[in-house]
Amino acid sequence: MTNPDVFMRNSKVPHLRVNTANDGLVRSDGSFVLYWMTSARRTSYNFGLQRAVEWSRVLGLPLVVLEALRVGYKYASDRFHAFVLQGMASNQQSLSGRGVVYHPYVERAPGEGKGLVMSLANHAAVVITDDYPSFFLPKMIASAARQISVRFELVDSNGLVPMRATQQVFTTAFSFRAWLQKNIATHLKNRPSADPLQDGVLPAKLGLLPPEILSKWPAAPPDLLTGASSALAPLPIDHGVGVVSGMPGGEREGRNVLARFLRDKLSRYDSDRNDPDAHATSGLSPYLHFGHVGAHEVFDVIARAEGFSDANLQARGGKREGFWGLRPPVEAFLEQLITWREVGFNLCFHLPHDYMRYESLPLWAQRTLDEHAADRRAKLYTRQEMEQARTGDAVWNAAQRELVRDGRIHNYLRMLWGKRVLEWTLTPREALDVLIELNDKYALDGRDPNSYSGIFWILGRYDRPWAPVRPVYGSIRYMSSTNTLKKIDMKKYLVKYGR
DNA sequence: ATCGGCTCGCGCAA
DNA sequence: TGCGCGAAGCCGAT
């Protein structure tokens, strides 16, 4: 047992991004360093992998990368499985011949994977995993921390700003933006390596994992990693939520999506992003959600293409324009990638027990919603009618069909989609429940802090009151399908998703 | 097409 | 204590 601080004095992973989940010490007679990849499912711009590589070199031990996929979690379906499995195939390819043991494990039955992490940890000198603030991951980490006896590190690769860099919840984008404008320059200096495995040699690769582990938890076969429906058929997951066509998962594919966005869409992002027919959005959110693409890579690629340097930065006291010193469409995108993405992580990180609860809404919003909770609803739909897009609102039905079929809703219509549900349910709590359920079940970027930002924004989070006071809404911002139709040209969208 | 007012809380200047 | 300001709105007036 050795004091880890001595070893890791020269770590390039910022200390704000590394947390320990237990009091364990490094066991220098372990057989390997274990990186348990959970939310940063990529090989580049990954502080967790980088940290594991550092440990491996410092201790002179081989590196084992475990990427696992359970079947027993809520909403497990062909859709999410295919996306994650394709990501595993990409990682397997990227890591082959790089001197690490990559072990892709896929459960065949609920609970089958239980004990795998523990068994590997028993052979490990130190265990590193990804820090992530939502869905079941915090619970899974806590449960693993109770069992793992060696040093167990959580590494935050989520955003450009470490989650632990903030001390409080930001209740408006404006106040968070002002904080970013004062503080982000420091964090921009500490970016993850584009290829954590590149410089220096890793200690001799382990031939194989211990046989008793391999026999119980074998690596997933290649056909399963294609994510083909036929390969998924035997798994006990929801086959009714199908694979999204034309959007395979994985780091490699995510990089292609990013390149296409830069080439074809970024320059008109500010003017066109609210128009569903203009196809100007990045489409990156599923890749960001599963960690197939890191926010740092997105930023780096844009910064390089736009000639960004620290000298561009100009604090604007929280105002949007001009902070990055870049073209307006680029600023508009960075506002999404950084301000809006990371304010969501900020909230989930600081309110781990409340981020999905009605009570986490601002008080003015709860007050006004509660006052109008008993208002008569002009129309009520059952969950099933909504899920199956059988409402009387053509715009809403189209958005819902996009969600069910393609695993996403266009950014702009997503707001309208949520506002309608508030009108069609008996209470705002019920609305919240329906929105979370539909989004978690069908959206490839669901269960992400940002998905919850979007859903809770519908009910007033990060927003302000608006007049006039209306039934059901109270002073929550109102949006109507009629006005949206007038404002936005979405003929093609309505045809494409019109049944 | 564009504008102000609507309404609340926050941060900052005074 | 006052003032300006705010993810994407709405409505009515010009």
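Within every chain, numbering begins at 1; the chains are lettered A, B, ... in the order of the sequence lines, protein sequences first and strands thereafter.
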Note to self: I'd like to know if the side chain of Glu342(A) reaches the main chain of Leu160(A), judged simply by a donor and an acceptor atom lying under 3.5 Å from each other, with no hydrogens or angles considered.
What the structure shows: yes

Notebook entry, point to check: Can you tell me how far C1' in dG11(B) sits from the matching atom in dA8(C), rounded to whole Å?
Noted result: 24 Å

Next item on the list: Measure the distance from CZ on Phe176(A) to C1' on dG11(B) and round it to the nearest whole Å.
Entry: 17 Å

Notebook entry, point to check: On a whole-Å scale, what distance lies between the P atoms belonging to dC10(B) and dG9(C)?
Noted result: 24 Å

Next item on the list: Under a 3.5 Å limit for both distances, which nucleotide forms a Watson-Crick or G-U wobble pair with dT7(B), could you say?
Entry: none

Checklist line | Euclidean distance, atom CG of residue Leu361(A) to atom C1' of dG9(B) [Å, nearest integer] | finding: 15 Å

Note to self: Using the side-chain heavy atoms of Lys487(A), tell me which of these nucleotides is nearest: dC5(C), dC8(B), dG9(C).
What the structure shows: dG9(C)

Check: Do any side-chain nitrogens or oxygens of Arg316(A) fall under 4.0 Å of OP1 or OP2 in dC5(C)?
Finding: no

Note to self: With a cut-off of less than 4.0 Å, is there a side-chain N or O of Tyr412(A) near OP1 or OP2 of dG9(C)?
What the structure shows: yes

Next item on the list: Give one of base, sugar-phosphate or nothing for Trp364(A), where a contact means two heavy atoms less than 4.0 Å apart.
Entry: sugar-phosphate

Notebook entry, point to check: Which of residues 328-350 of chain A have a heavy atom under 4.0 Å from DNA chain C?
Noted result: Gln336(A), Trp340(A)

Check: Roughly how far apart, to the nearest Å, are dC10(C) and dG9(B) at atom P?
Finding: 23 Å

Check: Out of dG9(C), dC12(B), dC8(B), which nucleotide sits closest to the side chain of Arg477(A)?
Finding: dG9(C)

Checklist line | Atom CD of Glu359(A): over 12 foreign heavy atoms under 6.0 Å | finding: yes

Check: How long is the line joining CZ of Phe174(A) and C1' of dC3(C), in whole Å?
Finding: 12 Å

Check: Roughly how many Å is it from CH2 in Trp417(A) to P in dA7(C), rounded to a whole number?
Finding: 23 Å

Notebook entry, point to check: Whole-Å distance between dA8(C) P and Arg320(A) CZ?
Noted result: 6 Å

Notebook entry, point to check: Rounded to whole angstroms, how far apart are CH2 on Trp466(A) and P on dC6(B)?
Noted result: 13 Å

Next item on the list: Using atom CZ of Arg177(A) as one end and atom C1' of dA8(C) as the other, report the distance to the nearest whole Å.
Entry: 13 Å

Check: dA7(C) and dC12(B): how far apart are their P atoms, nearest whole angstrom?
Finding: 15 Å

Check: So what does Asp463(A) touch, heavy atoms closer than 4.0 Å: a base, only the sugar-phosphate, or nothing?
Finding: nothing

Check: To the side chain of Thr171(A), which of dC10(B), dC11(C), dG9(C) is closest?
Finding: dC10(B)

Next item on the list: Say whether, by atom type as modelled, one donor and one acceptor occur between the side chain of Ser475(A) and the main chain of Ala467(A) under 3.5 angstrom.
Entry: no

Checklist line | d(CH2, Trp179(A); P, dG11(B)) in whole Å | finding: 15 Å

Checklist line | Aromatic ring pairing Phe308(A)/Phe299(A), orientation class (parallel under 30°, perpendicular over 60°, tilted between) | finding: perpendicular

Check: So what does Arg414(A) touch, heavy atoms closer than 4.0 Å: a base, only the sugar-phosphate, or nothing?
Finding: nothing

Next item on the list: Considering just the side-chain nitrogens and oxygens of Asn274(A), establish if one lies under 4.0 Å of OP1 or OP2 belonging to dA7(C).
Entry: no

Note to self: Over all strands shown, is Met479(A) touching base, sugar-phosphate only, or nothing at heavy-atom distances under 4.0 angstrom?
What the structure shows: sugar-phosphate

Notebook entry, point to check: Between Phe83(A) and Phe290(A), how do the two ring planes meet: parallel, tilted or perpendicular, split at 30° and 60°?
Noted result: tilted

Check: With both distances under 3.5 angstrom, what nucleotide forms a Watson-Crick or G-U wobble pair with dA7(C)?
Finding: none

Item checked: Given dA8(C), dG6(C), dC10(C), the nucleotide with the shortest approach to the side chain of Arg464(A) -> dG6(C)

Check: When we call it a touch if two heavy atoms are under 4.0 Å apart, what does Arg273(A) touch: a base, just sugar-phosphate, or nothing?
Finding: base

Note to self: Among Asn450(A), Asp445(A), Asn411(A), Asp448(A), exactly one meets side chain to side chain contact (heavy atoms under 4.5 Å, CB included) together with Ser285(A). Which residue is that?
What the structure shows: Asp445(A)

Checklist line | Check: Phe80(A) ring centre within less than 6.0 Å of Tyr75(A) ring centre | finding: no

Check: Any luck finding a side-chain donor-acceptor pair between Glu402(A) and Tyr493(A) under 3.5 Å?
Finding: yes

Margin query: Can you classify the ring geometry of Tyr132(A) versus His289(A) as parallel (below 30°), tilted (30 to 60°) or perpendicular (above 60°)?
Written below: perpendicular

